[in-house]
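Structure record follows, encoded as structure tokens.
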Amino acid sequence: MASTKTPHAPRAVRLPHPLPLDSGRELADVHVAYETYGELAPARDNAILLCHALTGDQYVASTHPLTGKPGWWERMVGHGRPIDTNRFHVVCANVIGSCMGSTGPASAGPDGEPYAMRFPVITIRDMVRAQAALLDVLGIDTLLAVIGGSMGGMQALSLAANFPERTNRVLGIATTARHSAQNIAFHEVGRQAIMADPGWNGGDYYGAAGGPEKGLAVARMAAHITYLSEAGLTDKFGRRLQDRDAKSFGFDADFQVESYLRHQGLSFTDRFDANSYLYITRAMDYFDLAEEHGGRLADAFGGAGETRFCLVSFDTDWLYSTADMREVVHALNAVAAPVSFVELGAPYGHDSFLLDVPALDRVVAGFLSQ
Amino acid sequence: MKPSTAYDLRPDLEKIAHHVRREARVLDVGCGAGDLMAVLRDARGCDARGMEIDAKLVERAVARGLSVVQGDANRDLADYPDNAFDVAILSQTLQTAQRPDWLLRQLLRVGREAFVSFPNFAYWRMRAALLAKGRMPVTRHLPGSWYETPNIHHLTIADFREYLAGRRVILADSWFFAGGREIGRARANLRAEHAVFRLSRE
């Protein structure tokens, strides 16, 4: 039950206006939960909007209230870190549709009951509209930078395309301007796992014990494989057995990699709402920045003007590959936008943006320094 | 050259830096870690962009706050629109190009003006080494043995001039270097180790 998964009172604002959505619908009474780090300068010109990935949240550099674990990017954000909170005012908001305090399917709808599947289908651009509305409430007109990895990078690119006047810099890491058929296919596996779980109950499981936890765990396991690289998995687990000397000739988690995935899946259900997973993966699947701008990606960035871009891919990331990133670079070149791009070598696959890659630290710090 | 105006760059880059118009939009193809770009930005107020194939060098350039795209000039220069830049620079890269003629055409398509610098294979020490030993010369400007060198299209100053003569390109200026110092134009094809040409479209 999602309401029991958020026992804390997250810091949140209620948006003063209903949020218009790409679907044509409108979402009223929207709450956006967020965290900030570092002081906002008197001139209000040092704000950085950090956008989280699919299963991330606003606790980028502070202890997660449910898991007790450190923030998901503490190595990047903090005093003296590449995103230096001595200099920058970092804002990180939970996306709408999610379950850490922003309005999502577990939130109460107009009738007081959880939205569940009555929640409108949202897009990445809808998430960005909510972020922009949050910045309005916070009194931040222009960002020094918008930064995000993976789905966060999609938001960063979407913000650059739809609100170009609101940011001076855009940093997108391990991301894409369009979800591919393969990306959509993997997400569909996850969604079907959730919806095949009897506990899902058409999305109406709030208030019931359990919910579709097995389905959500399987969805997370499948997705997690896409976040890693073959070399990384082999390096970490190989074909080593878990807590045993011989194969069991059964279906226990004989292999370490199985045990690891099961752990990843189960620990995810403690902190994430299954319906949120459906809605957010759908938003990512619908993401196609070129399509939003008449089919030509360069036209998405036509209004970017002096906005500076920095794009980073990882050589082992097969989910959002260097080729995907090059399409963004080409589009930015076509409008003569100031753009940097680098493919970094890292062994960890897509997850490299969250892990110890010193070259990424140098690129991020360098991009923000000038 | 007076020390007060020196940028502490390689001599060919120094020459280019002094002749790029202030506040020009510049693309440095094969920009390395961005030494020239940093000078163009900081001392000449230019809007400088770079392209570099080596990820390590790109990372260093980006960490300096420069706008550098990791890419292969042999292919990715085609992505830039016509007249995207006032000046396109190709230093020490022409001899490594798969198709130097294509690269030069691209250079003067994306830039209204171009600076091209390359080692002169007709430098007298080259000739002497080849004549005396009968082997491919290895020098400071062209290091590496024949089997591991990135330089695949060696050329001479005379070759380059002849190439330009047949095309709609204006040779606006040229400078020559030997032993790390600028030398005169007389018999440059024999005396120069290195050349810089300033080109523009007809």
Side-chain angles (χ1 to χ4, degrees), chain A residues 82 144-145 147 168-173 296-299 301-302 304-317 321-323 325-346 352 357-370, chain B residues 23-35 37-43 45-88 106-107 109-112:
Chain A
L144 186 140
I147 299 175
N168 292 317
R169 291 183 181 82
V170 178
L171 175 55
I173 306 164
R296 188 167 170 265
L297 187 57
D299 291 340
F301 301 116
E306 297 297 300
T307 307
R308 288 179 54 204
F309 289 79
C310 181
L311 301 165
V312 180
S313 67
F314 297 100
D315 57 355
T316 52
D317 183 352
S321 67
T322 294
M325 196 65 101
R326 281 197 180 282
E327 289 191 21
V328 181
V329 175
H330 292 171
L332 289 164
N333 278 340
V335 295
V339 55
S340 292
F341 161 67
V342 63
E343 179 191 62
L344 298 178
S352 295
V357 180
L360 179 64
D361 299 3
R362 293 192 290 272
V363 168
V364 171
F367 182 61
L368 295 175
S369 69
Q370 293 290 323
Chain B
E23 296 178 5
R25 291 172 52 82
V26 182
L27 177 68
D28 187 357
V29 180
C31 64
D35 292 355
M37 289 175 67
V39 167
L40 289 174
R41 179 187 64 187
D42 300 338
C46 292
D47 178 3
R49 316 287 176 76
M51 179 185 285
E52 169 58 47
I53 196 165
D54 183 325
K56 284 256 181 316
L57 296 174
V58 177
E59 179 211 309
R60 276 166 58 192
V62 174
R64 295 163 85 163
L66 297 165
S67 293
V68 174
V69 165
Q70 187 184 355
D72 182 350
N74 288 304
R75 188 187 63 219
D76 296 345
L77 214 49
D79 298 332
Y80 291 92
D82 295 354
N83 302 317
F85 301 94
D86 301 317
V87 181
Q106 292 294 322
L107 215 59
R109 180 185 66 79
V110 302
R112 297 163 204 283

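All heavy atoms count here, side chains included; hydrogens, waters and symmetry mates do not. Order of the sequence lines fixes the chain letters, A, B, ..., with proteins taken first and strands second; residue numbering starts at 1 for each chain.
- Contacts of Ala365(A) with chain B are absent, with no heavy-atom separation under 4.5 Å from either backbone or side chain.
- Of the candidates Glu59(B), Arg60(B), Arg64(B), Glu59(B) is the only one forming a side-chain contact (heavy atoms from CB on, under 4.5 Å) with Arg362(A).
- Listed here is the closest heavy atom pair of Pro338(A) and Ser67(B): CB-OG, 3.9 Å.
- The main-chain N or O of Ala337(A) is found under 3.5 Å from a side-chain atom of Arg49(B) such that the two form a donor-acceptor pair.
- Both the backbone and the side chain of Val339(A) come within less than 4.5 Å of a heavy atom of chain B.
- Taking every heavy atom of both residues into account, Pro81(B) and Ala334(A) meet most closely at CG-O, 3.5 Å.
- When the side-chain contact (heavy atoms from CB on, under 4.5 Å) test is applied to Thr316(A), the partners found at least two apart in sequence or on another chain are Ser229(A), Ser352(A).
- Within the model, atoms CD of Gln70(B) and CG of Leu311(A) stand 12.0 Å from one another, a figure rounded to the nearest 0.5 Å.
- For residues 73-88 of chain B, the salt bridge (Lys or Arg N to Asp or Glu O under 4.0 Å) pairs, not counting sequence neighbours, are Arg326(A)-Asp76(B), Arg21(B)-Asp86(B), Asp82(B)-Arg109(B), Asp86(B)-Arg112(B).
- Between Phe341(A) and Val58(B), the shortest heavy-atom distance links the atoms O-CG1, 3.3 Å.
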